[in-house]
Trainee: 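Handing you this structure, nothing more for now.
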Amino acid sequence: MSIANRLQKYIAEQGVAWDPVSHEASSTCMEAAHGAHISPDRVAKAVVLKGSAGYLMAVIPASQQLNVQKLGDVVTDDLALVGEPTLGELFADCKPGAVPPVGAAYGIRTLWDEGLGGRADVYFEGAITRPWCT
């Protein structure tokens, strides 16, 4: 299994220990959680938004949905979801639609759900690299 180059480099620079968990190909974090036999509330999914201050990544459990309006109220900004074309530009070393929940690796301000931050282990999709990346 291969994770996105930029993400792998960032994790190594931070000295974070990690172990891959194999599962069948999936198109959502919920599918990945079920395929890996991991509770969806332990799987982080990233939602990328744009506001007046630039891009913002919200990382929440895969079992949850983000209330964009409520988050906008909290950060006092008018936020909107980022579309697939922009995600492809922001995460150019990832497969289309893949968004690794480590915004710092991509220079994106990131807010983590408190429920994930208190867990000993959190799982996320490694955003497998595009076939043409080295």
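Every value quoted in this text rests on a predicted model; they were computed, and no experiment measured them. Computed over heavy atoms, backbone and side chain alike; hydrogens, waters and symmetry mates excluded.
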Trainee: Given the rule that I, L, V, M, F, W and Y join up when any side-chain heavy atoms are under 4.5 Å apart, are Y10 and V99 in one cluster?
Mentor: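 Cluster IDs for Y10 and V99 match.
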Trainee: Once side-chain hydrogen bond (donor to acceptor under 3.5 Å, both in side chains) is applied, do any residues pair with Q69, and if so which ones, sequence neighbours excluded?
Mentor: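 Q69 satisfies side-chain hydrogen bond (donor to acceptor under 3.5 Å, both in side chains) with D73 only.
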Trainee: Between NZ of K45 and CG of L116, what distance do you get to the nearest 0.5 Å?
Mentor: 11.0 Å
Trainee: Which pair of non-hydrogen atoms, one from P101 and one from W112, has the smallest distance, and what is that distance?
Mentor: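 Closest approach of P101 to W112: O-CZ2, 3.5 Å.
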Trainee: With sequence neighbours left out, what residues match E13 under salt bridge (charged side-chain N to carboxylate O under 4.0 Å, His left out)?
Mentor: K9
Trainee: Following the transitive rule for hydrophobic clusters with a side-chain heavy-atom cut-off under 4.5 Å over Ile, Leu, Val, Met, Phe, Trp and Tyr, establish whether L71 and I60 coincide in one cluster.
Mentor: yes
Trainee: Working to the nearest 0.5 Å, report the span between CE of M57 and CD1 of I108.
Mentor: 4.5 Å
Trainee: With sequence neighbours left out, write down each residue that passes side-chain hydrogen bond (donor to acceptor under 3.5 Å, both in side chains) with D77, or none if nothing qualifies.
Mentor: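 Counting only residues at least two positions away or on another chain, D77 forms a side-chain hydrogen bond (donor to acceptor under 3.5 Å, both in side chains) with S52.
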Trainee: Same cluster or not: F91 versus Y55, using hydrophobic residues (I, L, V, M, F, W, Y) connected whenever any side-chain heavy atoms lie under 4.5 Å apart?
Mentor: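 Per the 4.5 Å side-chain linkage, F91 and Y55 are co-clustered.
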Trainee: Listed by chain and number, what are the side-chain hydrogen bond (donor to acceptor under 3.5 Å, both in side chains) partners of D78, not counting sequence neighbours?
Mentor: none
Trainee: Kindly work out whether a path of hydrophobic side-chain contacts (I/L/V/M/F/W/Y, heavy atoms less than 4.5 Å apart) joins V48 to V102.
Mentor: yes
Trainee: Can you tell me which residue pairs pass the salt bridge (Lys or Arg N to Asp or Glu O under 4.0 Å) test with a partner in residues 50-71, sequence neighbours excluded?
Mentor: none
Trainee: Treating Ile, Leu, Val, Met, Phe, Trp and Tyr as nodes and any side-chain heavy-atom pair under 4.5 angstrom as an edge, say whether L87 and Y106 lie in one connected cluster.
Mentor: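 Yes, it is one cluster - the side chains of L87 and Y106 are joined through contacts under 4.5 Å.
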Trainee: What heavy-atom pair brings L7 and P100 nearest, and what distance separates the two atoms?
Mentor: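 For L7 versus P100, the nearest heavy atoms are CD2-CB, 3.6 Å.
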Trainee: Does Q65 have more than 12 heavy atoms from other residues, nucleotides or ligands lying within 6.0 Å of its CD?
Mentor: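 No - once you tally the heavy atoms of other residues, nucleotides and ligands closer than 6.0 Å, there are 12 at most.
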Trainee: State which residues pass side-chain contact (heavy atoms from CB on, under 4.5 Å) with V68; sequence neighbours excluded, sorted by chain then number.
Mentor: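 V68: side-chain contact (heavy atoms from CB on, under 4.5 Å) contacts with L49, L66, L79, L81.
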